[in-house]
2 protein chains.
Amino acid sequence: MSDISYKLFIRAFSSKTRLDIIKHLSKKGASVSDISNSLGFEQSRVSHNLACLAECGFVEVNRKGKQRIYSLNRKTILPMLRLMDRHIKKYHKHLKECGVLK
Amino acid sequence: MSDISYKLFIRAFSSKTRLDIIKHLSKKGASVSDISNSLGFEQSRVSHNLACLAECGFVEVNRKGKQRIYSLNRKTILPMLRLMDRHIKKYHKHLKECGVLK
DNA sequence: CTGACATATGATAACATGGTCATATGTATT
DNA sequence: AATACATATGACCATGTTATCATATGTCAG
């Protein structure tokens with residue numbers, strides 16, 4: 001289990017943009033432009049971030065005409081999100097701005 | 001469930017230093033200097049990173065003379081690590097250098 | 001095969017993060 | 001109280017990460 005793998009794994013969750021994309025996809029698959037419009041993010045921003053998620057195995061792509069429909073790898077992501085939710089619910093008191101390494 | 005909470009949560013896992021500290025603590029609680037010596041990290045580096053982990057609820061502190069003994073909040077961290085392991089085992093083929101956002 | 005649309009890629013600039021050094025605080029021993 | 005040890009804090013610099021802009025590729029309709 002290499003450290004680089006850990007890092008890439010965690011990276012998927014470590015930006016607000018990717019988190020928002022993941023949340024959006026948790027409802028259903030969507031094209032780049034759909035995500036882009038729904039979230040108000042630049043097209044290339046969405047594209048870059050989806051590429052990252054795809055490379056890390058969190059997202060799959062399928063063609064549909066000109067579009068590419070991205071969908072979540074639910075099996076891994078959903079339990080992960082649940083786990084995070086549980087922890088955060090319990091520790092939100094701590095989870096204020098972490099001033100230390102800011 | 002605020003986004004900042006997610007971000008802080010994930011941050012705990014997002015650096016090699018913190019990951020190493022977590023691994024070290026997974027055996028048993030340890031003082032700053034113990035961690036510092038075992039891992040060969042600067043004292044202040046360990047201290048900064050422990051503070052971050054503590055603030056995010058992943059680690060607890062107890063005094064013992066001059067020392068401060070840090071120990072893992074195992075309930076949250078261990079399932080998290082297991083989940084990561086499982087994903088990484090399955091997707092290591094994807095989890096090579098993610099060139100896109102580098 | 002041309003135009004229009006959808007997505008991807010690359011370079012760059014702004015910003016965030018982490019490590020180090022210097023220093024401060026806190027605690028026990030004498 | 002003075003010293004020594006353990007840890008914490010703050011400021012700074014180096015590095016990594018992200019968003020944006022410009023541009024390229026890819027795909028369908030006509």
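Order of the sequence lines sets the chain letters (A, B, ...), proteins ahead of strands, with each chain counted from 1.
Across the protein-nucleic acid pair, A:K16 atom NZ and C:dC15 atom C1' stand 17 Å apart, rounded to whole Å. Between B:D34 atom CG and D:dC5 atom P there is a gap of 18 Å when expressed in whole angstrom units. To the nearest angstrom, C1' of D:dT17 lies 18 Å from CZ of A:F13. Between the CZ atom of A:R18 and the P atom of C:dA16 there is a distance of 15 Å, rounded to whole Å. Going from atom CG of B:L50 over to atom C1' of C:dG18 covers 14 Å, rounded to whole Å. Rounded to an integer number of Å, the gap from A:F41 CZ to C:dA8 C1' is 19 Å. One can place CZ of B:R45 at 11 Å from P of C:dG18, the figure rounded to the nearest angstrom. What separates CG of A:N62 from C1' of C:dA6 is a distance of 16 Å, to the nearest Å.
Contact annotation: B:Y70 side-chain N/O to D:dA8 OP1/OP2 distance is under 4.0 Å. Within the 4.0 Å cut-off from OP1 or OP2 of C:dG19, at least one side-chain nitrogen or oxygen of B:T17 is found. The side chain of A:S33 contributes an N or O atom lying less than 4.0 Å from OP1 or OP2 of C:dT7. Side-chain N/O atoms of B:N49 include none lying less than 4.0 angstrom from OP1 or OP2 on C:dT17.
Judged by distance alone, with hydrogens and angles left aside, the side-chain atoms of A:N49 form no donor-acceptor pair with the main-chain N or O of A:R18 at under 3.5 Å. At least one donor-acceptor pair closer than 3.5 Å links the side chain of B:S26 to the backbone N or O of B:K23. The main-chain N or O of A:F41 is found under 3.5 Å from a side-chain atom of A:S36 such that the two form a donor-acceptor pair.
Applying the side-chain hydrogen bond (donor to acceptor under 3.5 Å, both in side chains) rule to B:S38 yields the partners B:D34; only residues at least two apart in sequence or on another chain are considered.
Minimum interatomic distance between A:S14 and B:I10 (heavy atoms only, all atoms of both residues): CA-CG2, 3.6 Å. When every heavy atom of B:F58 is checked against every heavy atom of B:T76, the shortest pair comes out as CE2-CG2, 4.1 Å. The heavy-atom pair separating A:I22 from A:L72 by the smallest distance is O-CD1, 3.7 Å.
Exactly one of A:T17, A:V32, A:N37 qualifies for a side chain to side chain contact (heavy atoms under 4.5 Å, CB included) with A:V46. That residue is A:V32.
At its two ends the helix from C:dC1-D:dG30 to C:dT30-D:dA1 runs along axes set 30° apart, each axis drawn from five pairs and the angle rounded to 10°.
If you look at B:F13 and A:F9, their ring centroids are not closer than 6.0 Å.
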Taking protein heavy atoms under 4.0 Å as touching, what does nucleotides 22-30 of chain C look like 5' to 3' if B marks base contact, S marks sugar-phosphate-only contact and - marks none?
B----SS--

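Side-chain proximity of B:E42 to the nucleotides C:dG18, C:dT20, D:dT9 is greatest for C:dT20.
Residue-nucleotide stacking is not present for A:H48 and D:dT18, judged by a side-chain ring centre under 5.5 Å from the six-membered base ring centre and planes under 30° apart.
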